[in-house]
Trainee: 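Here it is, the structure, as structure tokens.
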Amino acid sequence: MPAMGRTVEARVRELREKLERASRLYYEEGTSDISDSEYDELFAELQAIEREHPELTTPDSPTMRVGSPLPKGTSFAKADHLSPMLSLDSLTSIDEVREFDERARKFLGLDDGETFRWVCEPKLDGVSANLLYEDGALVLGLSRGDGRTGEDITQNLRTIRNLPLQLEDSSPPRRVEIRGEVIMSRDAFARLQAESEATSDTPFRNARNTVAGTLKLLDPRIVARRPLEFLCFGTGRADGLDQASHTERRAYLRECGFTVAEPHAVCEGINGVIDFHAGLDSRREELPYEI
């Protein structure tokens with residue numbers, strides 16, 4: 001419990017900062033300054049204080065990530081995205097990539113010798129999600145659905161420890177959609193498979209299907225026990241953001257507390273894009289997650 005000479009409010013702030021720091025280090029840098037057992041002890045202490053002093057509980061507290069299960073027989077409500085979640089075209093040859101580059105240059109009215117920069121990122125093999133933040137607070141989380149309407153899976157998304165419940169921005173935008181992929185890393189999936197074999201649970205076949213099935217569960221308490229991560233790749237509707245490029249937007253999202261897709265590169269011209277793809281493909285098995 002709180003140390004002598006400290007207020008309860010100060011101890012609550014300290015506990016939340018330690019828990020958030022531990023999550024951030026684990027998901028962004030692959031390290032941790034506390035053990036799992038220490039994390040659990042700090043979390044339990046914070047829960048105990050908030051039970052005794054409910055007036056200190058805030059929507060962005062780490063203890064508020066897990067809500068109550070939906071009644072059996074019910075289904076997730078649906079809601080519209082503020083702006084559509086469009087799908088990506090698949091190009092299977094270098095010739096198709098060069099043709100796409102030519103169409104893009106023509107559409108933008110660029111001269112043949114004019115430099116055209118591309119931002120390259122891996123296409124993550126997970127489940128897309130759209131997060132709506134208002135005045136910095138997470139208020140809604142939707143699945144992609146048909147691109148215009150998704151299922152309200154806010155309670156399940158809130159359980160993901162590297163997903164900020166509050167943007168780390170002193171002057172957050174009034175309203176912004178944050179888009180990314182819910183994934184399970186190779187190591188985390190391997191551990192889950194090992195645990196399922198030890199407990200005779202239904203074996204998990206692959207990471208993506210496991211993520212998809214997990215996000216459809218009606219009980220967020222079960223979801224919270226699955227090692228899900230959220231990797232951000234961009235924004236949808238963004239009221240009040242004025243970054244001039246995707247690179248600047250990536251930097252802003254990282255500053256807000258999100259993990260962004262890596263590796264990435266800014267390439268000068270389509271030849272750089274082709275080289276990036278070849279390099280990424282040659283070491284795809286070395287990445288911590290499926291692409």
Side-chain angles (χ1 to χ4, degrees), residues 70 74-93 96-97 99-101 103-104 107-108 118-134 137-160 162-165 167 173-184 206-218 220 223 226 228-243 245-250 252-253 256 258-262 264 273 277 289-291:
L70 294 175
T74 61
S75 59
F76 295 109
K78 293 186 177 181
D80 292 337
H81 304 298
L82 298 184
S83 60
M85 291 189 73
L86 305 178
S87 58
L88 297 178
D89 285 339
S90 296
L91 304 180
T92 58
S93 71
E96 289 180 326
V97 173
E99 289 171 3
F100 179 80
D101 176 65
R103 293 199 305 272
F107 176 79
L108 295 171
W118 294 87
V119 178
C120 297
E121 302 172 357
K123 171 63 177 74
L124 305 168
D125 190 20
V127 177
S128 297
N130 187 34
L131 313 175
L132 176 61
Y133 289 79
E134 293 183 348
L138 175 64
V139 297
L140 182 66
L142 300 177
S143 64
R144 181 182 180 277
D146 63 5
R148 294 187 177 276
T149 301
E151 291 184 317
D152 181 353
I153 54 172
T154 310
Q155 285 206 101
N156 287 345
L157 292 171
R158 286 177 64 92
T159 68
I160 302 176
N162 79 323
L163 190 157
L165 302 181
L167 300 181
R174 186 177 67 84
R175 187 168 58 173
V176 60
E177 290 178 306
I178 305 294
R179 291 175 173 173
E181 203 89 350
V182 182
I183 61 131
M184 194 176 293
N206 61 66
R208 186 189 185 283
N209 288 351
T210 299
V211 171
T214 298
L215 291 176
K216 289 183 176 295
L217 295 174
L218 298 179
V223 180
R226 302 277 174 86
L228 303 179
E229 299 179 42
F230 181 79
L231 270 62
C232 181
F233 55 64
T235 59
R237 175 78 170 268
D239 299 337
L241 291 184
D242 58 359
Q243 289 85 14
S245 68
H246 182 64
T247 298
E248 292 178 1
R249 184 63 55 90
R250 277 177 54 94
Y252 171 76
L253 292 171
C256 283
F258 291 100
T259 304
V260 295
E262 294 289 358
H264 91 287
V273 174
H277 174 268
Y289 43 75
E290 300 284 353
I291 61 172

Trainee: Give me the ring orientation class for Phe100 and Trp118: parallel if the planes are under 30° apart, tilted from 30 to 60°, perpendicular past 60°.
Mentor: tilted
Trainee: Taking the side chain as every heavy atom from C-beta outward, state whether Val182 and Glu229 have any pair of such atoms under 4.5 Å apart.
Mentor: no
Trainee: Looking only at non-hydrogen atoms, find the nearest pair between Val273 and Cys120 and report the distance.
Mentor: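 Answer, listing the atom of Val273 first, then Cys120: CG2-SG, 3.8 Å.
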Trainee: Only counting residues at least two apart or in another chain, list the ones meeting salt bridge (Lys or Arg N to Asp or Glu O under 4.0 Å) with Arg144.
Mentor: none
Trainee: Kindly indicate, with the supporting measurements, whether the criterion side-chain contact (heavy atoms from CB on, under 4.5 Å) is fulfilled by Lys78 and Leu142.
Mentor: CA-CA 8 Å; Lys78 293 186 177 181; Leu142 300 177; over 6 Å; no
Trainee: Listing request: all salt bridge (Lys or Arg N to Asp or Glu O under 4.0 Å) pairs with a residue in residues 118-131, at least two apart in sequence or in separate chains.
Mentor: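 Matches after skipping sequence neighbours: Glu121-Arg250, Lys123-Glu181, Asp125-Arg208.
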Trainee: So does Val139 get a backbone contact from the side chain of Glu134, meaning a donor-acceptor N/O pair under 3.5 Å?
Mentor: no
Trainee: Check for a donor-acceptor pair, side chain of Thr235 on one end and backbone N or O of Ala238 on the other, with a separation under 3.5 Å.
Mentor: no
Trainee: Would Ile183 and Glu290 satisfy side-chain contact (heavy atoms from CB on, under 4.5 Å), going step by step from the backbone distance to the final call?
Mentor: CA-CA 8 Å; Ile183 61 131; Glu290 300 284 353; over 6 Å; no
Trainee: Is any side-chain heavy atom of Leu218 closer than 4.5 Å to one of Asn156?
Mentor: no
Trainee: Hey, what do you get for SG (Cys232) to CG (Asn162), rounding to the nearest 0.5 Å?
Mentor: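 Interatomic distance, Cys232 SG to Asn162 CG, rounded to 0.5 Å: 10.5 Å.
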Trainee: If we ignore hydrogens and angles and just use 3.5 Å, is the side chain of Ser83 paired with the main-chain N or O of Arg237 as donor and acceptor?
Mentor: yes
Trainee: Would you say the side chain of Met85 lies within less than 4.5 Å of the side chain of Ser128, judging by non-hydrogen atoms?
Mentor: yes
Trainee: Rounded to the nearest 0.5 Å, how far apart are CZ of Arg226 and CD1 of Ile160?
Mentor: 12.5 Å
Trainee: Contact between Ile153 and Phe76 at the side-chain level, heavy atoms closer than 4.5 Å - yes or no?
Mentor: yes
Trainee: Find the distance between CG (Leu231) and CD (Glu262) and round it off to the nearest 0.5 Å.
Mentor: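 Separation between the atoms: 9.0 Å.
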Trainee: Which heavy atom in Cys256 sits nearest to a heavy atom in Pro164, and how many Å separate them?
Mentor: O-CG, 4.0 Å
Trainee: Decide yes or no for Ser143 and Leu215: does some side-chain heavy atom of the first lie under 4.5 Å from some side-chain heavy atom of the second?
Mentor: no
Trainee: If you measure from CG on Leu217 to CD on Gln155, what distance do you get to the nearest 0.5 Å?
Mentor: 12.5 Å
Trainee: Can you tell me how far apart CG (Leu167) and CZ (Phe258) are? Round to the nearest 0.5 Å.
Mentor: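 Interatomic distance, Leu167 CG to Phe258 CZ, rounded to 0.5 Å: 5.5 Å.
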Trainee: Where do Pro173 and Asp239 come nearest, in terms of heavy atoms and distance?
Mentor: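 Looks like CB-O, 3.2 Å.
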Trainee: Under a 3.5 Å distance rule, please check whether Glu177 uses its side chain to pair with a backbone N or O of Leu82 as donor and acceptor.
Mentor: yes
Trainee: Do the non-hydrogen side-chain atoms of Leu157 and Val223 ever get within less than 4.5 Å of each other?
Mentor: no
Trainee: Do the non-hydrogen side-chain atoms of Ile178 and Tyr133 ever get within less than 4.5 Å of each other?
Mentor: yes
Trainee: Could you list the residues that satisfy salt bridge (Lys or Arg N to Asp or Glu O under 4.0 Å) with Arg148, not counting sequence neighbours?
Mentor: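 Here no residue qualifies.
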Trainee: Looking at every heavy atom in both Ala79 and Leu140, which two are closest together, and how far apart are they?
Mentor: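 In this case the closest contact between Ala79 and Leu140 is CB-CD2, 4.4 Å.
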Trainee: Take Arg249 and Leu241, measure what side-chain contact (heavy atoms from CB on, under 4.5 Å) needs, and give me the verdict at the end.
Mentor: CA-CA 9 Å; Arg249 184 63 55 90; Leu241 291 184; 3.7 Å; yes
Trainee: Give, for atom OG1 of Thr154 and atom CG of Leu131, the distance between the pair rounded to the nearest 0.5 Å.
Mentor: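 Spacing of OG1 (Thr154) from CG (Leu131) equals 8.5 Å.
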Trainee: Leu132 versus Asn130: any side-chain heavy-atom pair under 4.5 Å?
Mentor: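 They are not in contact (no side-chain heavy atoms under 4.5 Å apart), so the answer is no.
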Trainee: Minimum heavy-atom separation for Pro122 to Tyr289, with atom names?
Mentor: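 Smallest interatomic distance, heavy atoms only, reads CG-OH, 4.2 Å.
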Trainee: Take atom NE2 of His277 as the centre, draw a 6.0 Å sphere, and report whether it contains more than 12 heavy atoms from other residues, nucleotides or ligands.
Mentor: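 No, because the 6.0 Å sphere around NE2 of His277 holds 12 heavy atoms or fewer from other groups.
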